[in-house]
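Order of the sequence lines fixes the chain letters, A, B, ..., with proteins taken first and strands second; residue numbering starts at 1 for each chain.
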Amino acid sequence: MPDDTTGSNAGSSNASTSNEGDEYQSVDFIRSRVEEDIAAGTYGGRVQTRFPPEPNGFLHIGHAKSIFLNFGIAEEYDGSCFLRFDDTNPETEDISYVAAIEEDLEWLGVTPSGPARFASDYFEQIYEWAESLIERGLAYVDDQDAETISTQRGGFGQPGIESPNRDQPAEEALGLFRQMRDGAFEDGARVLRARIDMQSDNMWLRDPVLYRIRRVPHHRTDDRWVIYPTYDWAHGQSDAIEGTTHSLCTLEFVDHRALYDWCLDHLDLPGDKPNQNEFARLNITHTVLSKRVLRSLVEGGHVDGWDDARMPTIRGMRRRGYPATAIRGFVDRIGVAKTNSTVEVELLESFVRTELNSSSLRRMGVLKPLKLVITNWPEGEVVMVDAINNPENPDAGTRQVPFSGELWIEQDDFMLDPPKKYFRLTPGREVRLRAGFFVTATEAITDDDGNVIEVRCTYDPETRGGQAPDGRKVKATMHWVSASHAVDADVHLYDRLFSDSHPGADGEDPLTSVNPDSRETVSAKLEPALADVEPGQVVQFERLGYFAADLDDAGTFHRTVGLRDEWANIQKRKK
RNA sequence: UCGGAGGUGGUGUAAUUGGUAACACAGCUGGUUCUGGUCCAGUCGUUGGGGGUUCAAGUCCUCCCCUCCGAGCCA
């Protein structure tokens with residue numbers, strides 16, 4: 001289904017509900033809003049969106065939802081989408097994140113319309129607008145401290161208290177504001193506040209702070225400014241300056257919309273007034289998408305870094321081997337709505353599997369090796385057998401794999417006392433070694449504790465290539481690697497980073513449900529062809545899953561995702 | 001306590017605007033198969049609750065319940 005990678009249909013997950021020939025297409029509430037605006041000629045039919053990250057961290061899959069929404073809408077409606085860095089708080093931001101975010105965007109396959117924009121590019125204009133507000137008695141300079149202002153704001157259902165500075169004459173306010181800009185006051189000594197309504201039910205309308213004093217060098221404007229606009233005083237203006245028509249953000253900003261509108265309604269805008277629409281942010285089971293918690297995972301050493309393969313960051317998923325197209329397919333599939341919801345990780349993984357199933361080469365690798373000795377194999381002989389590279393794609397061709405009398409097989413593929421429905425190797429049973437021969441187990445050698453350390457078998461020379469001339473069948477086909485030709489590699493196997501499906505949902509610290517066994521590293525034996533994979537390339541280890549060669553060290557693999565595993569389900573059910 | 005946004009299968013999203021509740025994932029049955037993969041077929045819901053309008057309600061009215069967000073000089 002999600003195999004349309006041509007981009008022609010990009011972004012529209014739209015389940016067509018058309019009954020014969022009917023062209024009806026269902027669209028989400030945001031797209032219908034866009035379509036209404038186009039139909040009504042609200043912006044002269046123009047559509048412009050933007051993706052506005054703050055450069056203070058790495059992008060994660062929650063951002064991907066917003067990215068594909070914004071860029072997708074621009075594509076679908078022949079509009080444009082800007083990348084704008086919302087850099088109004090120099091305390092937390094850093095230039096390095098700017099580059100990282102642009103890289104991640106590129107990897108995701110979206111292209112902003114033109115160069116990146118920065119809210120800081122608009123500081124002068126935004127400042128002038130503040131003065132215009134003051135001149136009209138719509139803003140004032142407050143010298144009360146943060147705690148006092150907060151207390152005066154009152155509470156839900158409680159009245160607010162007006163600041164003694166609220167009725168400050170415009171000339172005085174203007175003078176003070178200019179002094180703020182000129183650095184006459186200490187950090188935190190004064191703020192500029194909008195004069196709106198201290199009794200509003202909406203807390204964001206109780207005279208919100210527009211400017212604060214911060215003597216922190218900014219990554220772009222350096223020390224040119226000591227006052228910085230807040231999000232609310234910069235965001236809508238930036239949208240307006242750029243010509244944004246639809247400003248999409250997440251649900252926690254619904255209460256800000258009144259303020260967004262208030263600001264824009266009181267300014268002399270260069271063009272049409274953009275409108276803000278909110279959608280639910282993404283949640284995924286067994287996953288956390290809060291920047292704060294992600295940071296504590298990194299800082300607490302629970303993972304190796306922001307790009308650890310277990311992280312839900314774009315970089316992490318990239319290292320893990322998730323194709324960007326799978327991420328987009330997932331995002332398109334989950335849709336966009338106003339309901340707070342939590343998507344199952346399994347859905348994401350299914351998109352990863354579907355994509356990788358058609359694109360990845362098949363290889364053999366043994367994760368937990370057990371020696372298999374073929375007792376009737378001609379001493380020292382090696383034959384090259386032909387193996388299919390990708391049954392989903394005949395054009396991928398075949399490869400030669402060396403087969404010999406001493407092989408590695410998977411420990412799970414042999415059992416002395418097998419349970420019912422176990423189809424694999426067991427004493428006396430014949431199985432197929434993929435692309436090789438039929439073998440029959442004759443003897444198991446155990447150590448003093450009774451663990452099987454080697455299996456002996458005989459092979460049928462007539463079955464070369466995996467077919468018996470007499471047509472007899474086997475119940476299992478197993479992967480293998482010739483011992484003397486095996487390539488050694490470290491392979492990371494991953495389990496959920498959080499054991500709890502909804503980490504932190506019970507009010508607990510999400511870190512308490514971090515899975516201590518989220519990564520298991522094994523020394524695997526791989527077929528020779530696996531020495532040649534490119535960094536970042538994902539291949540299927542047959543019967544085991546998809547594995548990505550590490551970006552920095554191609555001799556290390558990450559299990560991207562396992563294959564669907566019927567046998568595992570059968571065992572799970574028994575427990 | 002006040003304001004706002006929401007509630008459709010195990011999960012997410014739909015339902016041509018009042019007309020047979022659909023698609024995908026997960027699960028389960030069975031079939032196919034040189035991957036217990038892929039693929040194919042089948043199966044899984046009285047739309048948060050009550051009442052009302054109507055030939056007909058997930059969609060309209062009404063009362064109730066539940067969940068989430070909001071009192072940063074963060075975004």
Determine the Euclidean distance between corresponding [atom1] atoms of [M] and [N]; express it in Å to zero decimal places.
N: B:U16; M: B:G50; atom1: P; result: 24 Å
N: B:C28; M: B:C44; atom1: C1'; result: 8 Å
N: B:C61; M: B:G7; atom1: P; result: 15 Å
N: B:U17; M: B:C25; atom1: C1'; result: 28 Å

For the side chain of [X] and the base of [N], is some donor closer than 3.5 Å to an acceptor across the two?
X: A:Gln571; N: B:G36; value: no
X: A:Glu344; N: B:G10; value: yes
X: A:Arg362; N: B:U35; value: yes

Which sits closer to the 5' end of RNA chain B, A:Val336 or A:Arg543, going by the nucleotide each is nearest to?
->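 Closer to the 5' end of RNA chain B: A:Val336.
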5' precedence on RNA chain B between A:Lys421 and A:Ser341 (nearest-nucleotide basis) =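 Nearest-nucleotide comparison on RNA chain B picks A:Ser341.
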Counting any heavy atom closer than 4.0 Å, what does A:Glu346 reach on the DNA or RNA strands: base, sugar-phosphate only, or nothing?
->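 Sugar-phosphate, no base atom in range.
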Table please: side-chain donor-acceptor pairs of residues 461-469 of chain A below 3.5 Å, with sequence neighbours left out.
from: A:Thr463; atom 1: OG1; to: A:Phe438; atom 2: N; distance (Å): 2.8
from: A:Thr463; atom 1: OG1; to: A:Asp460; atom 2: O; distance (Å): 2.6
from: A:Arg464; atom 1: NH2; to: A:Met384; atom 2: O; distance (Å): 2.6

What residue among A:Arg195, A:Arg212, A:Arg193 forms salt bridge (charged side-chain N to carboxylate O under 4.0 Å, His left out) with A:Asp142?
->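 Only one option passes, and that is A:Arg193.
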Assign a letter to each nucleotide of nucleotides 70-75 of chain B from its 5' end: B, base within under 4.0 Å of a protein heavy atom; S, sugar-phosphate only; -, no contact.
-> BBSBSB
When Watson-Crick pairs (N1 to N3 and N6-O4 or O6-N4) and G-U wobble pairs (N1-O2 and O6-N3) count only below 3.5 Å on both distances, what is the dot-bracket string of RNA chain B, with | for other-strand pairs?
-> .((((((..((((.....[..)))).(((((.......)))))....(((((..]....))))))))))).....
In B:G72, glycosidic geometry as syn within 90° of 0 or anti otherwise =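 B:G72: syn glycosidic orientation.
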When you check the phosphate oxygens OP1 and OP2 of B:G7, does a side-chain N or O of A:Asn340 lie under 4.0 Å from one of them?
->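 False: A:Asn340 side-chain N/O out of range (4.0 Å or more) of B:G7 OP1/OP2.
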Are there more than 12 heavy atoms of other residues, nucleotides or ligands under 6.0 Å from atom CD1 of A:Ile388?
->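 Result for CD1/A:Ile388: open.
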